[in-house]
Amino acid sequence: MAGDEKWVRWNTHHSTQVDVELFGNTLHLAQNPNTNHLGTTVWDSSIVLAKFLEKNAKKGDFARHRLKGKRAIELGAGMGLGGFAFALLGCDTTVTDTAEVISLLQRNYENNLSPAALRGQEMSNSAGHVAVQELDWSNLEHYAPVNPPFDYVLAADCVYHEQIVENFLRTVLAMTHSKSTVVVVNELRSEAVHSRFTSLFEQYFTIKRTPRSKMDAVHQHSAIDILILRRRKAAEAGGAAATELGVHSAAEKQQNGP
């Protein structure tokens with residue numbers, strides 16, 4: 001939490017279900033607060049992302065007419081809220097996480113965004129297709145099966161330790177093309193982690209912080225930022241750093257071959 005600002009969190013992680021009102025509907029998200037895995041609960045950053053998308057659904061870069069028919073992937077999706085919000089705006093969305101999280105993520109898809117769950121609802125005709133797939137950022141063999149590149153890459157509360165930033169960058173680069181938009185929602189817990197994230201990502205992406213006025217009036221906090229990233233031109237990107245990390249975008253791989 002930033003400074004002395006009082007923060008009543010939207011999810012305390014003690015229950016086994018979180019209900020989120022979104023686009024006039026209620027998503028019922030199962031979670032498991034009894035595991036040691038961070039991905040099995042709904043984090044506040046994902047709620048901030050979903051409510052931001054709801055507020056900006058009619059105009060701007062994330063308006064429904066801009067997202068309809070596009071492809072998105074959520075990395076470290078956890079219980080899936082951010083990706084589900086994109087899907088409800090008409091974006092074909094792949095929600096991903098590690099093997100320990102997939103079963104709960106799959107259940108949340110089936111209970112909320114599957115054809116059976118949407119049957120008879122108004123949003124059934126406008127929602128995008130949702131796929132649930134395992135994706136371990138450290139396992140390069142997981143990259144190709146999700147079929148990159150994507151128009152949008154989402155990540156909510158995924159950057160919480162310095163040791164994962166390089167794998168996160170490697171994955172984001174592999175999932176994007178030159179015109180992709182990356183949405184990273186972070187809760188600031190460590191200046192060192194934030195500095196590591198910024199120093200690595202700025203070599204490849206421009207980073208723009210979303211103004212508070214663009215966020216939902218209730219679901220925002222000074223410790224949570226919505227960052228919009230877009231690829232720099234190839235000539236501006238840090239080629240030496242890319243070689244060191246062994247990272248290349250899907251578009252670059254297609255162009256250069258295996």
Side-chain angles (χ1 to χ4, degrees), residues 10-11 17-31 39 42-97 101-135 145-158 175-177 179-185 210 214-216 219 226 228:
W10 303 293
N11 179 28
Q17 180 172 299
V18 179
D19 296 334
V20 180
E21 297 287 337
L22 200 62
F23 302 113
N25 300 277
T26 303
L27 299 183
H28 306 287
L29 302 173
Q31 65 174 13
V42 178
W43 290 91
D44 284 343
S45 290
S46 66
I47 298 175
V48 169
L49 171 58
K51 300 302 284 187
F52 163 77
L53 293 170
E54 180 182 52
K55 178 176 179 177
N56 293 276
K58 293 184 178 180
K59 63 180 181 178
D61 290 344
F62 298 96
R64 188 183 301 274
H65 71 272
R66 291 182 180 272
L67 269 59
K68 182 71 174 178
K70 300 292 186 180
R71 299 182 68 236
I73 186 169
E74 184 176 15
L75 305 177
M79 300 298 88
L81 178 56
F84 294 167
F86 251 73
L88 289 173
L89 288 171
C91 205
D92 293 330
T93 306
T94 301
V95 289
T96 68
D97 214 306
V101 180
I102 284 294
S103 61
L104 265 178
L105 182 55
Q106 180 70 34
R107 185 198 306 178
N108 284 332
Y109 158 69
E110 291 173 354
N111 290 343
N112 293 279
L113 270 295
S114 67
L118 291 175
R119 188 174 298 120
Q121 298 190 40
E122 182 178 348
M123 60 183 176
S124 62
N125 294 324
S126 59
H129 172 77
V130 177
V132 179
Q133 289 189 239
E134 180 182 354
L135 177 55
V146 299
N147 194 27
F150 293 86
D151 302 302
Y152 296 91
V153 176
L154 323 173
D157 225 344
C158 288
M175 297 298 123
T176 53
H177 53 67
K179 301 296 183 182
S180 298
T181 296
V182 182
V183 183
V184 177
V185 187
T210 300
K214 295 285 188 180
M215 300 183 193
D216 179 76
H219 299 93
I226 300 177
I228 309 300

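The first residue in the sequence is number 1, and the count goes up from there.
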| message | We want to know whether Asp151 and His177 form a side-chain donor-acceptor pair, criterion being a heavy-atom distance below 3.5 angstrom. | response | yes
| field | side chain to side chain contact (heavy atoms under 4.5 Å, CB included) between Val130 and Val95, worked out | value | CA-CA 7 Å; Val130 177; Val95 289; 4.2 Å; yes
| message | Are Gln31 and Asn108 packed together at the side-chain level, in the sense that at least one heavy-atom pair is separated by less than 4.5 angstrom? | response | no
| message | Any side-chain to backbone donor/acceptor pair from Glu54 onto Ala50? Under 3.5 Å, distance only. | response | no
| field | Exam field: side chain Gln133 to backbone Thr96, donor-acceptor pair closer than 3.5 Å | value | no
| field | Polar side chain donor-acceptor pair, Thr26 to Glu21, under 3.5 angstrom | value | yes
| request: Taking all non-hydrogen atoms of both residues into account, name the closest pair between Lys68 and Ser126 and its distance. | output: NZ-O, 3.1 Å
| said: So, taking the atom named CG in Asn112 and the one named CD in Gln121, what distance separates them when rounded to the nearest 0.5 Å? | reply: 9.0 Å
| field | Rounded distance [0.5 Å steps], OG1 in Thr94 versus CZ in Phe150 | value | 4.0 Å
| For Lys55, all residues meeting side-chain contact (heavy atoms from CB on, under 4.5 Å), sequence neighbours excluded | none
| Derivation and outcome, side chain to side chain contact (heavy atoms under 4.5 Å, CB included), residues Leu135 and Asp97 | CA-CA 5 Å; Leu135 177 55; Asp97 214 306; over 6 Å; no
| said: Within this structure, what is the CG-CG distance for the pair Leu118 and Asn125, rounded to the nearest 0.5 Å? | reply: 9.5 Å
| said: Main chain of Lys214, side chain of Asn56: is a donor-acceptor contact present, judged purely on distance under 3.5 Å? | reply: yes
| remark: When rounded to the nearest 0.5 Å, the distance separating CG of Asp44 from CG of Leu49 is 12.5 Å
| request: Could you go through the side chain to side chain contact (heavy atoms under 4.5 Å, CB included) check for Leu113 and Leu27 one step at a time? | output: CA-CA 9 Å; Leu113 270 295; Leu27 299 183; 4.2 Å; yes
| request: Go through the side-chain N and O atoms of Asp19 and Gln17 and say whether any donor and acceptor fall under 3.5 Å apart. | output: yes
Show me the donor-acceptor pairs within less than 3.5 Å that the side chains of residues 70-92 make with the rest of the protein, sequence neighbours left out.
| residue | atom | partner | partner atom | Å |
| --- | --- | --- | --- | --- |
| Arg71 | NH1 | Asn147 | O | 3.1 |
| Arg71 | NH1 | Pro149 | O | 2.7 |
| Arg71 | NH2 | Asn147 | O | 2.8 |
| Glu74 | OE1 | Gly83 | N | 2.6 |
| Asp92 | OD1 | His129 | N | 2.8 |

| Residue list, side-chain contact (heavy atoms from CB on, under 4.5 Å) with Ile102, at least two apart or on another chain | Leu105, Val132, Glu134
| request: Could you walk me through whether His28 and Asn111 pass the side chain to side chain contact (heavy atoms under 4.5 Å, CB included) test, one step at a time? | output: CA-CA 7 Å; His28 306 287; Asn111 290 343; 5.9 Å; no
| field | Heavy-atom closest contact (Val48 atom, Met215 atom, distance) | value | CG1-SD, 4.5 Å
| Basic-acidic side-chain contact under 4.0 Å: Glu110, Arg107 | no
| task | For the residue pair Tyr152 and Phe62, categorise the inter-ring angle as parallel (less than 30°), tilted (30 to 60°) or perpendicular (more than 60°). | result | tilted
| task | Supply the atom-to-atom distance Asp216 CG to Ile47 CD1, rounded to the nearest 0.5 angstrom. | result | 11.0 Å
| If you take all heavy atoms of Val185 and Ser45, which pair is closest and at what distance? | CG1-O, 3.5 Å
